[in-house]
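Structure, as structure tokens:
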Amino acid sequence: MAIYAIGDVHGCFDPLLRLIDSLNFDPSKDKLWFVGDLVNRGPKSLETLRFIKNLGDSAITVLGNHDLHLLALYSKAIKNKDNSCLIKEILDAPDANELCKWLRYRQLAHYDQGLNTIMIHAGIFPTWNWKETMKYAAEVEIALRANNYHKLLKNMYGNNPVCWSENLEDFERLRFIINCLTRIRAVTLKNQFNFSYKGSPKHLKENLIPWYSAKKRKNENVRVVFGHWSQLSLMVTSKVMGIDTSCVWGKKLTAIRLDSYKPEVTQVSGQIMRS
């Protein structure tokens, strides 16, 4: 059995098929982990969503910010102000209900004990250990699977609060967890969120650091796999693996084998978008 983690697909269905083909993927015994952001920006979000859903137990997906945005539009928690045809194609599909229900039941964090690896879309708050991360992710998952889930999606937008407290309650608490797991890139030296910076970590200002470099980050022997930060590109260390390699911007779509002694990286050319 082989286990591969795949970076942000963003509706780039053709590169995804080429990548999976190059892996000699066998759905009867292998598994694919997707770091989220399956949809939007790329030309074939509907095909991508259908394909990954149909992989069944062979695929494990965590939710990204674009996936949650799709659910917010589907539930009418917000309006599709830009009338994006890429999202509208999913919303107008005959199987939209089935696809979005499946998406609602995905995790925000996935932990594999055998691999001692946790996967999230964006990042982990520096003071959280992996058990706390799974616990907080589950709070959002419960709300997302409830009948009134549209209330969560309506209230998830916004950048505040910027720092974690166990005393946070209701939608402020859930918003913070969502922002951490699906949007975080950089934090201040005081472990406060900063969402304005989206460039390379090499050019961060003096008061900002990547979330994974925070001094107060829990020093535990758990590997973290994530995407979201396209300007980070491929980063592979023994503790953290960033695998969003800008497929939707014409660079690469990346898969990394997680169950081998030395992680094996496979890449294909990304989607060349028309302006």
Side-chain angles (χ1 to χ4, degrees), residues 5-10 34-37 40-41 62-69 108-109 117-130 132-133 136-137 140 156-165 168 172-173 175-254 256 263 265 267 270 273:
I6 295 179
D8 302 37
V9 180
H10 276 300
F34 291 91
V35 299
D37 276 3
N40 209 4
R41 291 189 171 143
V62 294
L63 293 169
N65 52 307
H66 285 269
D67 307 317
L68 288 171
H69 184 63
L108 269 83
T117 299
I118 188 170
M119 175 175 64
I120 36 76
H121 176 62
I124 294 175
F125 194 68
T127 64
W128 296 354
N129 60 33
W130 75 265
E132 290 169 323
T133 301
Y136 299 139
V140 177
M156 74 175 176
Y157 292 92
N159 295 337
N160 291 309
V162 297
C163 196
W164 172 249
S165 168
L168 289 174
E172 274 200 340
R173 182 183 180 92
R175 186 188 310 119
F176 183 94
I177 297 169
I178 289 172
N179 280 343
C180 183
L181 299 178
T182 70
R183 294 181 61 207
I184 191 174
R185 293 184 182 92
V187 295
T188 70
L189 299 178
K190 294 183 179 180
N191 286 338
Q192 295 178 331
F193 285 161
N194 177 288
F195 294 112
S196 63
Y197 187 80
K198 300 180 181 180
S200 167
K202 297 178 182 179
H203 302 132
L204 280 168
K205 298 178 181 178
E206 290 184 2
N207 65 324
L208 294 178
I209 53 176
W211 65 265
Y212 51 80
S213 298
K215 290 183 178 180
K216 291 185 179 181
R217 186 164 173 255
K218 295 285 186 177
N219 186 20
E220 55 181 358
N221 190 29
V222 175
R223 183 170 55 177
V224 182
V225 178
F226 66 100
H228 185 60
W229 200 344
S230 61
Q231 292 298 310
L232 175 64
S233 195
L234 180 65
M235 183 185 72
V236 179
T237 73
S238 60
K239 291 289 187 72
V240 289
M241 296 181 175
I243 58 172
D244 180 3
T245 47
S246 301
C247 175
V248 76
W249 305 117
K251 294 185 179 179
K252 301 288 185 180
L253 183 62
T254 295
I256 186 164
V265 175
Q267 295 182 312
M273 305 302 295

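Not measured: the values here are computed from a predicted model.
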Testing the 3.5 Å rule here: is there a donor-acceptor pair between the side chains of Gln267 and Thr254?
yes

With sequence neighbours left out, what residues match Trp229 under ring pair (Phe, Tyr, Trp, His ring centres under 6.0 Å)?
none

To the nearest 0.5 Å, what is the distance between CD1 on Ile256 and CG on Leu234?
6.5 Å

Derivation of the side-chain contact (heavy atoms from CB on, under 4.5 Å) call for Ile184 and Phe226:
CA-CA 11 Å; Ile184 191 174; Phe226 66 100; over 6 Å; no

Kindly indicate whether the side chain of Leu208, heavy atoms from C-beta on, has any atom under 4.5 Å from the side chain of Thr188.
yes

State, with a plain yes or no, whether a side-chain heavy atom of Asp37 is found less than 4.5 Å away from one of Asp67.
yes

All heavy atoms of Leu181 vs all of Thr133, minimum pair found to be CD2-CG2, 3.9 Å

So Arg185 and Tyr212, do their side chains get closer than 4.5 Å, heavy atoms only?
no

Please assess Val140 against Leu63 for the test side-chain contact (heavy atoms from CB on, under 4.5 Å), listing each intermediate value before the final yes or no.
CA-CA 11 Å; Val140 177; Leu63 293 169; over 6 Å; no

For Asn207, check side-chain hydrogen bond (donor to acceptor under 3.5 Å, both in side chains) against everything at least two apart and list the hits.
none

Kindly indicate whether the side chain of Trp211, heavy atoms from C-beta on, has any atom under 4.5 Å from the side chain of Asn191.
no

Could I get the full list of salt bridge (Lys or Arg N to Asp or Glu O under 4.0 Å) partners for Arg175, not counting sequence neighbours?
none

Out of the candidates Trp128, Phe125, Trp130, Phe176, only one should pair with Tyr136 under the ring-ring contact (aromatic ring centres under 6.0 Å, His included) rule; please name it.
Trp128

With sequence neighbours excluded, residues passing side-chain hydrogen bond (donor to acceptor under 3.5 Å, both in side chains) with Thr117
Arg223

Distance-minimising heavy-atom pair for Gly7 and Leu253:
O-CD1, 3.8 Å

Apply ring pair (Phe, Tyr, Trp, His ring centres under 6.0 Å) to Phe195 and list each qualifying residue two or more places apart in sequence or on a separate chain.
Phe193

Give the minimum heavy-atom separation between Ala137 and Leu108, together with the two atoms involved.
CB-CB, 4.0 Å

Just wondering, do Ile209 and Val187 contact through their side chains at under 4.5 Å, heavy atoms?
yes

Going by side-chain hydrogen bond (donor to acceptor under 3.5 Å, both in side chains), name the residues that satisfy it together with Ser196, two or more places apart in sequence or in a different chain.
Asn194

Non-hydrogen atoms of Asn65 and Thr182 that approach each other most closely:
OD1-O, 3.3 Å

How close do Met241 and Pro263 get, counting heavy atoms only, and between which atoms?
CE-CG, 3.4 Å

Can you tell me if Asp8 uses its side chain to pair, donor with acceptor, with the backbone of His228 under 3.5 Å?
yes

Just by modelled atom types, is the Lys252 backbone N or O under 3.5 Å from a matching donor or acceptor in the Thr245 side chain?
yes

For the residue pair His66 and His10, does the interplanar ring angle fall in the parallel (under 30°), tilted (30 to 60°) or perpendicular (over 60°) class?
perpendicular

Taking Ala122's backbone N and O only, do any of them form a donor-acceptor pair with Asp244's side chain (distance below 3.5 Å, no angle check)?
no

